[in-house]
Amino acid sequence: MRLLGLRWFWLAAAALFLMLAVYSSVRIYRLNLFNADLAVLSAGNDLPVERRFGAEAPVLLARAAHLASLGRYDDALDIYARVSDSEEVEVRQAALYDLGNLQLRRAAELAEKLETRRAVPLLELAKAAYRGALALDPGDWDAKYNLEFAMRLLPEMARRNSGGDETPPEEETRRNWTTLPGFPRGLP
């Protein structure tokens, strides 16, 4: 009787060991694919089509950043929108922060071309993305800094749009008392 119980113990232990080995092998395989995808993106190449749809969220964020660096903003926006619906809070926060950076960068490019009417809505979208990122992680200093930068840049652009009037009306000043005109200099 005792020998039969010992045999079942060893069979159960062997089955458990086999399950752990299979699980570990699958995890190692997925980790190797993850690292290979990141290596492809960091080399400046795009992912193959078959790897784009099954990729994990950090790989998708890296691909969106790669597409944005190539000037393919709409493709990057699609990826950010898809990743920002993730269940993981850290992934959503990173997607919103990167989305805000993309919008802020696009607004700065348009402002350099003196297309401030097109840049102002992008600044508003950047501010909304930074606020969303801060709602998920209130301690994110980078998102706070970029939000403040976007808030300071907006009145500057509005002043350029209005023809350079340096003194805003009193009522507008009271309404926008939280924004400071000008560009941030150095660390706060």
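One-based numbering along the sequence shown. Note that this is a predicted model, so its numbers are computed, not measured.
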Does a side-chain heavy-atom distance below 4.5 Å link [X] with [Y]?
X	Y	result
Thr116	Leu110	no
Gln93	Glu90	no
Phe17	Leu20	no

Examine [X] and [Y] and state if one hydrophobic cluster contains both, with Ile, Leu, Val, Met, Phe, Trp and Tyr joined whenever side-chain heavy atoms are less than 4.5 Å apart.
X	Y	value
Leu147	Phe149	yes
Tyr130	Leu136	no
Val83	Tyr73	yes

Problem - Under 3.5 Å: donor-acceptor pair, side chain of Ser24, backbone of Ala21 - result: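 No, Ser24 side chain to Ala21 backbone: no donor-acceptor pair under 3.5 Å.
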Exercise for the section: Report yes or no: does Tyr80 contribute a side-chain atom to a donor-acceptor pair with the main-chain N or O of Tyr97 at less than 3.5 Å? Expected result: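 No; judged by distance alone, with no hydrogens or angles, the pair does not exist.
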Practice task
Run the salt-bridge test on Arg105 and Glu109 with the 4.0 Å N-O cut-off and return the result as yes or no.
Solution key: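 Result for this pair is no, no salt bridge flagged.
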Tell me the closest heavy-atom pair linking [X] and [Y], and the distance in Å.
X	Y	result
Ala126	Gly100	CB-O, 3.5 Å
Asn146	Leu104	O-CD2, 4.4 Å
Leu134	Asp140	CD2-O, 3.5 Å
Arg92	Glu87	NH2-O, 4.2 Å

Practice task
Let me see the working for Lys144 and Glu148 under salt bridge (Lys or Arg N to Asp or Glu O under 4.0 Å), right down to the final yes or no.
Solution key: CA-CA 6 Å; Lys144 288 178 186 179; Glu148 180 66 25; over 6 Å; no
Problem - Distance (rounded to the nearest 0.5 Å) between Asp137 CG and Leu96 CG - result: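 Reported to 0.5 Å precision, the distance equals 11.5 Å.
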Exercise for the section: Take Arg106 and Leu77 through the test side chain to side chain contact (heavy atoms under 4.5 Å, CB included) and record every step on the way to the result. Expected result: CA-CA 12 Å; Arg106 288 179 65 197; Leu77 287 174; 3.6 Å; yes
Handout entry: More than 12 heavy atoms of other groups within 6.0 Å of Asp85 CG
Key =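 It does: Asp85 CG has more than 12 such atoms within range.
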